[in-house]
Protein chains: 2
Amino acid sequence: MLKQDNLSVTQDCHDCPIRHRAVCARCESDELGLLEDIKYYRRFEAGQTVIWSGDRMDFVGSVVSGIATLTQTMEDGRTQMVGLLLPSDFVGRPGRGTAAYDVVATTDMVMCCFRKAPFEDMMNRTPHIAQRLLEMTLDELDAAREWMLVLGRKTAREKIASLLSIIARRDATLNLGALDGPVSFDLPLTREAMADYLGLTLETVSRQVSALKKDQVITLEGKRHVTVPDMSRLLEEAGDDTDGGMLV
Amino acid sequence: MLKQDNLSVTQDCHDCPIRHRAVCARCESDELGLLEDIKYYRRFEAGQTVIWSGDRMDFVGSVVSGIATLTQTMEDGRTQMVGLLLPSDFVGRPGRGTAAYDVVATTDMVMCCFRKAPFEDMMNRTPHIAQRLLEMTLDELDAAREWMLVLGRKTAREKIASLLSIIARRDATLNLGALDGPVSFDLPLTREAMADYLGLTLETVSRQVSALKKDQVITLEGKRHVTVPDMSRLLEEAGDDTDGGMLV
DNA sequence: GTGCAGCTTTGATACAGATCAAGAACGAAT
DNA sequence: ATTCGTTCTTGATCTGTATCAAAGCTGCAC
């Protein structure tokens with residue numbers, strides 16, 4: 001799961017795996033069909049920096065397949081990931097000319113892009129889409145703020161558990177998986193990327209993952225494939241509200 | 001500065017101190033004049049929790065005067081502030097029924113409110129306003145993400161310097177102050193509130209403020225009034241990009 | 001004034017996580 | 001199969017910040 005498709009450039013968006021949150025041609029609205037002629041796909045290789053902070057952004061789009069990270073870097077090299085882009089996530093911001101963060105592909109990825117100016121025109125004519133975008137931005141704001149709690153107040157172990165439960169949840173959403181039985185998924189991030197997300201070092205991440213495994217909160221097959229026998233146990237480890245956390 | 005006015009409930013919004021970012025009757029658009037009849041002011045006392053996380057939100061509004069914080073709390077009492085509401089900031093979210101965070105007044109404050117449903121109606125009829133709101137939300141998202149870097153990767157001293165420079169900047173914006181000479185402002189937060197914002201303890205905050213004072217990065221009169229003789233020095237302490245940081 | 005309560009500072013000590021260092025596991029290229 | 005380069009794990013030690021504790025400051029109520 002979460003693996004990349006071989007999407008052809010001519011593929012119609014009806015077949016686009018973007019469904020739930022995406023603003024993408026025809027997936028949610030016929031207005032977007034008007035943009036068909038300015039829609040295109042972009043392909044990026046794993047490890048490639050898709051967008052550099054400060055770049056002119058001439059497009060907006062959605063992730064079709066693959067995974068990317070939004071990161072900020074200080075002059076001395078310290079880096080903090082500020083967001084994770086999974087399939088269906090929106091990239092770019094109407095009304096802004098330049099990128100605020102680096103976008104780095106962590107796997108091969110495909111994005112469904114629109115040239116920015118026509119997209120904005122369409123947005124202005126279509127309150128429905130503008131509202132959708134506001135909603136999505138508010139979701140991201142909530143996610144960022146939840147993450148502030150993780151970064152500011154949680155222990156290393158809680159941080160790892162929080163990250164795992166977020167990935168598990170998103171993976172289930174994307175793949176129509178259930179969250180009541182055991183949950184399995186591939187970690188889309190290296191230990192170092194996890195550390196950058198959590199404000200930790202990669203050594204600490206490794207130790208805490210091992211600890212969670214030893215305490216049977218999770219099982220590992222290889223280094224990347226995780227099974228969570230009991231999600232509520234994991235949420236408890238994350239310090240989240242005991243219930244309700246897995247909804248939405 | 002940042003002190004509360006004695007705004008009368010009947011005062012017209014032409015005189016409203018909200019100018020720059022606010023979405024407030026007539027300040028930016030005549031469409032908002034239509035809402036005049038559903039506009040009202042709310043007054044809150046220092047220390048009062050204005051909104052509890054999970055509450056039904058039946059209004060949206062702007063802070064007119066005073067300061068409030070957005071905070072998240074874990075079951076065991078650990079708290080993380082996720083935002084600071086200063087005059088001109090927008091409160092509430094169109095399209096959402098319940099509050100996601102506690103809003104706590106840290107000084108006496110006045111808010112300019114609109115009943116939510118009519119405001120949303122108006123928003124739907126007025127793309128211009130919806131766009132303004134999207135822009136504001138994107139600004140907040142950027143602020144939240146910048147704060148993630150502070151929380152995840154900065155040292156205690158850098159955190160304090162970051163907070164001080166943000167407050168200095170916002171204070172200057174609000175009061176048309178300059179940022180090239182020495183800058184003075186009142187800290188609107190207790191040491192404990194600063195700690196909650198920065199993911200530190202109040203003792204560490206106190207120590208680091210003392211250290212910055214000893215190193216003459218700042219001067220203190222009393223415990224709350226700060227003077228920064230050289231903003232670029234402070235920004236350097238914050239670990240920010242040396243220049244440009246004070247713009248916007 | 002005196003006393004009290006909330007905020008702040010400062011000191012001593014403990015500990016979680018960083019840092020430094022060495023290897024182990026794994027996959028890809030030869 | 002061997003080599004190489006990544007990624008990951010584990011160990012030993014160090015350090016920044018938390019924690020625990022006590023006392024100083026400031027303003028308000030009486």
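The figures that follow rest on heavy atoms only: side chains count, while hydrogens, waters and symmetry mates do not. Each chain gets a letter, A, B and so on, in the order its sequence line appears, and its residues count up from 1.
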Touch class at under 4.0 angstrom, heavy-atom based, for B:Gly199 against every strand present: sugar-phosphate
Upstream residue (5' side of DNA chain D) when B:Thr155 and A:Leu220 are each assigned their closest nucleotide: A:Leu220
N or O in side chain of A:Thr190 less than 4.0 angstrom from D:dT6 OP1/OP2: no
From CA spacing to verdict: salt bridge (Lys or Arg N to Asp or Glu O under 4.0 Å), B:Glu158, A:Arg78: CA-CA 13 Å; B:Glu158 288 170 334; A:Arg78 281 178 279 177; 2.8 Å; yes
Spacing between A:Glu192 atom CD and C:dT19 atom C1', to the nearest angstrom: 15 Å
Shortest side-chain distance from A:Leu200, nucleotide among D:dG11, C:dA18, C:dC26: C:dA18
Length of the CG-P vector between B:Leu187 and D:dT26, whole Å: 16 Å
d(CZ, A:Arg207; C1', C:dC15) in whole Å: 15 Å
Pair A:Glu140-B:Arg145, side chain to side chain contact (heavy atoms under 4.5 Å, CB included): steps then yes or no: CA-CA 10 Å; A:Glu140 280 190 77; B:Arg145 284 174 164 168; 2.8 Å; yes
Length of the line joining B:Gln208:CD and D:dG16:P, which is rounded to integer Å: 10 Å
Separation of D:dG16 P from A:Arg78 CZ (nearest whole Å): 13 Å
Distance-only donor-acceptor test (3.5 Å): side chain A:Arg157, base C:dG17: no
Check: B:Glu203 side chain, D:dC20 base, donor-acceptor under 3.5 Å: yes
Atom-pair distance (CD1 on A:Ile160; P on C:dG17), nearest Å: 10 Å
Length of the CG-P vector between A:Leu202 and D:dT10, whole Å: 13 Å
N/O donor-acceptor pair, side chain B:Arg191 with base C:dG6, under 3.5 angstrom: no
Nearest-angstrom distance from the residue atom NZ of B:Lys154 to P of D:dG16: 18 Å
Nucleotide nearest A:Ala156 when distance is taken to its side chain, options C:dG17, D:dT19, D:dT26: C:dG17
Below 4.0 Å: OP1/OP2 of C:dT8 and any side-chain N or O of B:Arg224: yes
Base D:dT17 paired with A:Arg153 side chain (donor-acceptor, <3.5 Å): no
Check: B:Arg42/B:Tyr40 side-chain N/O donor and acceptor closer than 3.5 Å: yes
Heavy-atom closest pair, residues A:Ala100 and B:Asp142: CB-OD1, 4.2 Å
Chi angles and distances behind the side chain to side chain donor-acceptor pair (under 3.5 Å) call for A:Asp196, A:Thr79: CA-CA 6 Å; A:Asp196 282 343; A:Thr79 71; 3.0 Å; yes
Side-chain N or O of B:Thr204 closer than 4.0 Å to phosphate OP1/OP2 of D:dA18: yes
Below 4.0 Å: OP1/OP2 of D:dT9 and any side-chain N or O of A:Ser206: yes
Phosphate-side-chain proximity, A:Thr201 and C:dA18, N/O vs OP1/OP2 below 4.0 Å: yes
